[in-house]
Amino acid sequence: MKQLIEQLVASALAALPPDVLPEGLSARPEVERTRDAAHGDFACNVAMQLARAAKRNPRQLAQAIIAALPPSGLVTKVEIAGPGFINFFLSPAAYAAEIARVHAEGADYGRGRLAKPARALVEFVSANPTGPLHVGHGRQAAVGMTLASLLAYAGYDVAREYYINDAGRQMDILAVSTWLRYLEACGEHLPFPANGYRGDYVKDVAARLLAAEGEALRHPATAVLAALPPDEPQGGDKDAYVDALGLRARHLLGESGYRRVFDFALGIMLADIREDLGQFGVTFDRWFSERTLETDGAIDRALARLERQGQVYVKDGATWFHATAFGDEKDRVVVRENGQKTYFASDIAYHLEKRERGFDLLVDVLGADHHGYVARVRAGLEAMGEPGDCLEAPLIQFVSLFRGGEKVPMGKREAQFVTLRQLRAEVGNDACRLFYLMRSHDQPLDFDLELAKSRSSDNPVYYIQYAHARVASVLRQLADRGLPLDLDAGCAAVATLEDPHERALMSAVTRWPEVVALAAAQRGPHMLVHYLRDLANAFHTYYNALSFIVDDAGLRNARLALVTAAQQVLKNGLGLLGVSAPESM
RNA sequence: GCCCCGGUAGCUCAGUGGAUAGAGCGGCCGCCUCCUAAGCGGCAGGUCGCAGGUUCAACUCCUGUCCGGGGCACCA
């Protein structure tokens, strides 16, 4: 509908004589929904934009534009208001046609098309597979998944990806932790490292390792602990201690034995994460292994490309990337003194690889604590000759859980560590997804557990779902009374609906395609939630004000056509959010 | 010190340069012989942190500043 008005304005501008509007003036007319019904349905600000350049006062110019508007049966009235707004009043027929479109397009109503086709890769969660996902990852999962769905709905060709950090030191620490728990299960007595993974899940992994391998990986505690540096509680360095343990493990187990432990732990953790996310309705097109960057030569390709562009130099035995030349605050090491490539080298290699696969837009959904990473990777992309602005990195702020007004203590150090699984079990997937998406991602989230569980009007999940279920209930009532629903007749008769509640609901329903386009452009899935709440509110208000199942068949069908259109849009919206649209509650 | 994100109603937060800044919760007052009251309506509640600037128009953009949170490794 917005497009319709935009086209009218554009042709009016083109038709204006040069003495009114000098040629060559650039204007980008903005057409927007009005807030107040007294201002019509849409307003355009172009007259105010062009007034100065055209050397005319805005209202005068607006008058000229209105005079040049091509006639349209879909617009009943055009007014000049305020400082020079042009207000458009749509005819009932315009709304009726749009409501008919909702029914015709169904699940595709609101789907957009890009002016130019583009492929987007949304990478999200990508948590180290060293333990179960926690509530912070849950937010990244919900936001990433819905952002990807939203971009796809808006017309992007989208792929979802999880980057597995399976080559780093953290994974070595997990392997060591698992092995130590395994040795304990074998009956050895050893202290657990201060920097190890202490969670009970490691004991579970160890128990399964024991079941799979028997005691083949067992070594006496004395051999494991011999001549190690002191751990932190003994006044030593916890990092040095755990790394020394890692070397010891490799030595005693041999490279292949160590690999077995490492890969076993990795496999179980990854399977756990995949299952957790799957149950949460979050899926990926690809799980990308960091290790393959090395084996496939992607890192070498990236380094070679940097070198070809003259962006690397050697200092102190290490190879550095000249990141400051691309806006980063300091230069970055890509190959260490000891010849090992850094994690940063993997990062830029991975992003170059994404570009090589043909993605135009790279979206990295990251935790807020990763913000320093963005400038670096962008600098790397630019240095390799890729456009820096192809990378976008929405930073997801932290989640705090509240129970009865009290903040729930979290953090890996405390034992009270709350996992995504626990949260989902407590409040359910629907409330979980919606609460995660309610706030803008750059706003810290206070997650109220009691509210999420409450089956009351306070809870936005139920409020929106209830609107959907209520329509289903009305249709059941209709069937119970033996009345048919004639959608074609209803759509045709929508133009006869004149009650303000009806106009408000039509306005809300037909806004959906605009909301999708805006939310996608802004990368703001939370806008969908706010819109759906508004739509549900317009419906509930209408429901309270008027009966739908009335004796007059024409009126009845018209109202039901409108209400089922609202139901369709609610369903489309909830679908994007990954929240169910129940038929009854 | 540098970088990122916030600062809008008592609380939690929306707000794509436009008209009188919105919603939910909390408070107060109303609405079911009627399609689910898991709902609806009304009232009260604001110097949009502060100061400049750009603009026909600033909560929105720019600069500075104060406050809160996070980040600044040859870790991953």
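Hydrogens, waters and symmetry mates are skipped; everything else that's a heavy atom, side chains included, is used. Naming: A, B, ... by sequence-line order, numbering from 1 per chain.
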Indicate for each nucleotide in nucleotides 5-12 of chain B, in 5' to 3' sequence, whether protein heavy atoms under 4.0 Å reach the base (B), only the sugar-phosphate (S), or nothing (-). SS-----S
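- If you check B:G24, B:U36, B:G18 against the side chain of A:Ser473, the one that comes closest is B:U36.
- Residues from residues 429-436 of chain A lying near RNA chain B, meaning a heavy-atom separation below 4.0 Å, are absent.
- Using a 90° window around 0 for the glycosidic torsion, B:C32 falls inside it and is classed as syn.
- Between A:Glu30 and A:Cys44 there is no side-chain heavy-atom pair separated by less than 4.5 Å.
- At the heavy-atom level, A:His39 lies under 4.0 Å from base atoms of the strands shown.
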Using a cut-off of under 3.5 Å, enumerate the N/O to N/O pairs linking the protein to nucleotides 57-61 of chain B.
none

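- A donor-acceptor pair shorter than 3.5 Å cannot be found between the side chains of A:Tyr343 and A:Glu290.
- Contact annotation for A:Asn537: backbone-only contact, meaning every heavy-atom pair under 4.0 Å involves sugar-phosphate atoms and none involves a base.
- Within the structure, every pair that satisfies the salt bridge (charged side-chain N to carboxylate O under 4.0 Å, His left out) test and touches residues 539-559 of chain A, not counting sequence neighbours, is listed here: A:Glu502-A:Arg559.
- Per the stacking criterion (ring centres < 5.5 Å, plane angle < 30°), A:Phe85 does not stack onto the base of B:G18.
- A cation-pi geometry, defined here as NZ or CZ lying under 6.0 Å from the six-membered ring centre and within 45° of its normal, does not hold between A:Arg378 and A:Phe326.
- With B:C74, B:A76, B:C40 as the candidates, the nucleotide lying closest to the side chain of A:Tyr343 is B:A76.
- If A:Asp316 and A:Leu518 are placed on RNA chain B by their nearest nucleotide, the residue sitting closer to the 5' end is A:Leu518.
- Nearest-nucleotide positions on RNA chain B for A:Asp331 and A:Met438 put A:Met438 closer to the 5' end.
- The list of side-chain hydrogen bond (donor to acceptor under 3.5 Å, both in side chains) pairs with a residue in residues 521-532 of chain A, not counting sequence neighbours, reads A:Glu392-A:Arg523.
- Residue A:Phe398 is in sugar-phosphate contact alone, with no base atom involved, counting any heavy-atom pair closer than 4.0 Å across all strands shown.
- A:Leu445 comes within contact range of no nucleotide atom at all, as no heavy-atom separation falls under 4.0 Å.
- A:Ala538 is linked by a side chain to side chain contact (heavy atoms under 4.5 Å, CB included) to A:Leu505, A:Ala508, counting only residues two or more places apart in sequence or in another chain.
- A:Arg376 places its CZ atom 12 Å from the P atom of B:C75, with the value rounded to the nearest Å.
- The listed nucleotides are B:G18, B:C13, B:U36; the one nearest the side chain of A:His530 is B:C13.
- For B:C3, the base has a donor-acceptor partner in the side chain of A:His371 [N/O atoms by modelled type, under 3.5 angstrom].
- Side-chain proximity of A:Glu290 to B:A76, B:C74, B:A37: nearest is B:A76.
- In this structure, the nucleotide among B:C74, B:C35, B:C40 sitting nearest to the side chain of A:Ile549 is B:C35.
- Remark: A:Phe435 engages A:Phe447 in a ring pair (Phe, Tyr, Trp, His ring centres under 6.0 Å) (not counting sequence neighbours).
- Shown here are the ring pair (Phe, Tyr, Trp, His ring centres under 6.0 Å) partners of A:Phe262, two or more places apart in sequence or in another chain: there are none.
- The base of B:A19 sits with one of its N or O atoms less than 3.5 Å from a complementary donor or acceptor on the side chain of A:Asn87.
- Taking only side-chain atoms of A:Arg470, from C-beta outward, the nucleotide of B:C35, B:C56, B:A37 with the closest atom is B:A37.
- For B:C75, one of the phosphate oxygens OP1 or OP2 lies less than 4.0 angstrom from a side-chain nitrogen or oxygen of A:Arg336.
- Atom P of B:U8 sits at a distance of 14 Å from the matching atom of B:G46, rounded to the whole Å.
- In this view, A:Arg470 and A:Tyr466, A:Phe539, A:His540, A:Tyr543, A:Asn544 satisfy the side chain to side chain contact (heavy atoms under 4.5 Å, CB included) rule, not counting sequence neighbours.
- Minimum atom distance to the side chain of A:Glu32 is reached by B:U16, of the listed B:A38, B:C75, B:U16.
- In terms of the side chain to side chain donor-acceptor pair (under 3.5 Å) criterion, A:Glu307 has no residue partners (sequence neighbours excluded).
- Taking the ring pair (Phe, Tyr, Trp, His ring centres under 6.0 Å) definition, one finds that A:Tyr373 meets it with nothing, sequence neighbours left out.
- With sequence neighbours excluded, the residues forming a side chain to side chain donor-acceptor pair (under 3.5 Å) with A:His351 are A:Asp364, listed by chain and number.
- Comparing the same atom, C1', in B:G68 and in B:G49 gives a spacing of 11 Å after rounding to whole Å.
- When each of B:G41, B:C35, B:A38 is scored by its nearest atom to the side-chain atoms of A:Tyr466, the top-ranked nucleotide is B:A38.
- The distance between the ring centers of A:Phe548 and A:Tyr542 falls below 6.0 angstrom.
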